Amino acid sequence: MEQSSGAIVRSYAKINLFLDVIKKRSDGYHEILSLFQNISLYDRLIITKIDRGLEIKSNVDIENNILYKTWDIFCSKFKEPEFGLRITLEKNIPMQAGLGGGSSNAAALLFYLSDQMGIHKKQILNIASEIGSDVPFFLFGGTAIVKGKGEIIEPLDPLTGYKVNIITSNGISTKKAYQSLNPTLFGKAPCSPYILYEAYKNRNITEIKRCTYNIFEKIVTKANKEISQNLKKLKKTSLISALTGSGSAVYGISFKEGEFKFIPRGIEYEKVKL
Ligand SMILES: C[C@](O)(CO)[C@H](O)COP(=O)(O)OP(=O)(O)OC[C@H]1O[C@@H](n2ccc(N)nc2=O)[C@H](O)[C@@H]1O
Ligand SMILES: Nc1ncnc2c1ncn2[C@@H]1O[C@H](COP(=O)(O)OP(=O)(O)OP(=O)(O)O)[C@@H](O)[C@H]1O
């Protein structure tokens, strides 16, 4: 995108169609094996240029907005742009829900800055995982196998033709959820995310049901009655339902009914001149 006075950027949510933890790393993070899928629920970032620095206005009160961390890390790794930014953040993605809202917003700002400063995506990827484990995925978007801490991305042909309903409840700390995992469960998924992906491609519902897995689901639904009930509600009306990320949101997937749908991108410019 050419140098502009600003832009409107859509920052989409993600769900984990598959999420296993393989092991705990020496840096305290965990190796994950996951199948990520963007859905059409999005936040909007209205970006305009100002003289210097970063100003954020949001419809939701957010302490330590990840956009400040993104700006600071970008400026320290590359160079501070000759311009500053005013971002109006319209949050629609529920927070602490396992929907990647903050990570997606960070990726949207990185996407815009790399465009404006002519910095290649490869270089941006290096700082993305420093900002948050789920951030790198959103720079690819669509459907992908995600490994490592979340920085190893294997993009796949985007899955299409699926509708999604989401039910959220009180937020869950991702850190606490990881800490509560029983290591004996690591790597015990009944299937691989590659087989699950093929099952989605072939619309093989039996295989999708067999291979849908989230290591956090048992422990989170056991500890939280509301999430367990939300899941039961979705199971009645969906072909497949599960927890996304470390929760608290649960998703239900079907071919016909759904407020949202699978989409092939994580970030998108709205075609509007400011
Ligand atoms: C659960 C997932 O959402 C699956 O998509 C991600 O693994 C979490 O991604 P995220 O929310 O971007 O996580 P971050 O904000 O980077 O990390 C929050 C905390 O979660 C834990 N964490 C996160 C990612 C990871 N691979 N291992 C971890 O142990 C760490 O304690 C970390 O301090
Ligand atoms: N722009 C932002 N949007 C959402 N949360 C933010 C943002 N900036 C900082 N945060 C903080 O990050 C925490 C995690 O929010 P987020 O929506 O990313 O969680 P999540 O949906 O669980 O993400 P993930 O699926 O990557 O774990 C929130 O509790 C919030 O305080």
Side-chain angles (χ1 to χ4, degrees), residues 9 11-39 41-45 47 54 56-73 87-110 127-139 144-153 166 168-181 183 186 193 213-217 219-220 227 242-251 266-267:
V9 189
S11 153
Y12 289 100
K14 60 86 180 159
I15 56 175
N16 299 77
L17 299 176
F18 180 97
L19 177 55
D20 197 4
V21 169
I22 307 306
K23 67 178 170 69
K24 184 158 184 174
R25 299 158 40 125
S26 51
D27 64 3
Y29 281 79
H30 292 77
E31 292 285 329
I32 66 166
L33 176 58
S34 189
L35 178 59
F36 279 47
Q37 176 63 50
N38 276 123
I39 62 171
L41 167 64
Y42 65 87
D43 291 340
R44 181 179 279 125
L45 287 80
I47 304 175
L54 177 65
I56 298 173
K57 283 189 301 176
S58 172
N59 59 326
V60 173
D61 211 7
I62 301 172
E63 232 180 282
N64 305 324
N65 200 311
I66 196 172
L67 293 172
Y68 289 117
K69 180 180 179 185
T70 305
W71 175 265
D72 292 346
I73 292 181
I87 301 179
T88 302
L89 174 60
E90 288 173 13
K91 284 304 289 181
N92 303 300
I93 303 172
M95 298 201 289
Q96 287 201 314
L99 293 164
S103 307
S104 184
N105 297 169
L109 177 54
L110 283 178
I127 64 169
S129 62
E130 223 180 293
I131 295 163
S133 306
D134 278 353
V135 180
F137 162 72
F138 289 94
L139 294 171
I145 297 282
V146 178
K147 296 176 178 174
K149 201 176 85 162
E151 79 284 4
I152 301 167
I153 313 293
I166 301 277
T168 54
S169 66
N170 297 337
I172 290 182
S173 148
T174 303
K175 189 178 192 70
K176 289 207 182 94
Y178 270 104
Q179 285 166 345
S180 68
L181 285 178
F186 291 178
Y213 179 78
N214 181 330
I215 190 169
F216 291 95
E217 187 168 307
I219 190 149
V220 165
I227 298 178
L243 186 84
T244 177
S246 52
S248 60
V250 288
Y251 62 81
I267 310 292

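Bear in mind that the values here come from a model prediction, so they are computed numbers and not experimental data. All values below were derived from every heavy atom in this structure, side-chain atoms included, with hydrogens, water molecules and symmetry-related copies excluded. Whatever order the structure lists ligands and atoms in, that order sets their numbers, starting from 1.
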**Item:** Ser246, any N or O under 3.5 Å of ligand 1 N or O
**Value:** no
**Residues in side chain to side chain contact (heavy atoms under 4.5 Å, CB included) contact with Ser58, at least two apart in sequence or another chain** = Val60, Ile62, Leu89, Lys91
Taking non-hydrogen atoms only, is [X] closer than 4.0 angstrom to ligand 1 via side chain, backbone, both or neither?
{"X": "Val135", "value": "neither"}
{"X": "Glu31", "value": "neither"}
{"X": "Ser103", "value": "side chain"}
{"X": "Tyr29", "value": "both"}

**Side-chain heavy atoms of Leu99 within contact of Ile15, under 4.5 Å** = yes
**Prompt:** List by chain and number: which residues place a heavy atom under 4.0 Å from ligand 2?
**Reply:** Lys14, Ile62, Asn64, Asn65, Ile66, Leu89, Lys91, Met95, Gln96, Ala97, Gly98, Leu99, Gly100, Gly101, Gly102, Ser103, Asn105, Asp134, Thr174
**Item:** Contacts of Lys24 that satisfy salt bridge (charged side-chain N to carboxylate O under 4.0 Å, His left out) - sequence neighbours left out
**Value:** none
**Message:** My understanding is that only residues two or more places apart in sequence, or in another chain, count here; which of them pass salt bridge (charged side-chain N to carboxylate O under 4.0 Å, His left out) with Asp27?
**Reply:** Arg25
**Message:** For Phe18, is there any backbone N or O sitting under 3.5 Å from a side-chain donor or acceptor partner on Ser34?
**Reply:** yes
**Asked** Are any side-chain N or O atoms of Thr70 and backbone N or O atoms of Ile66, one a donor and one an acceptor, separated by less than 3.5 Å?
**Response** yes
**Request:** Over 60° means perpendicular and under 30° means parallel, so classify the ring planes of Phe186 and His30, tilted if in between.
**Result:** perpendicular
**Item:** Between Asn105 and Ser11: side-chain donor-acceptor atoms closer than 3.5 Å
**Value:** yes
**Item:** Which of the ligand 1 atoms, numbered from 1, are nearer than 4.0 Å to a heavy atom of Asn16
**Value:** 4 (C), 5 (O)
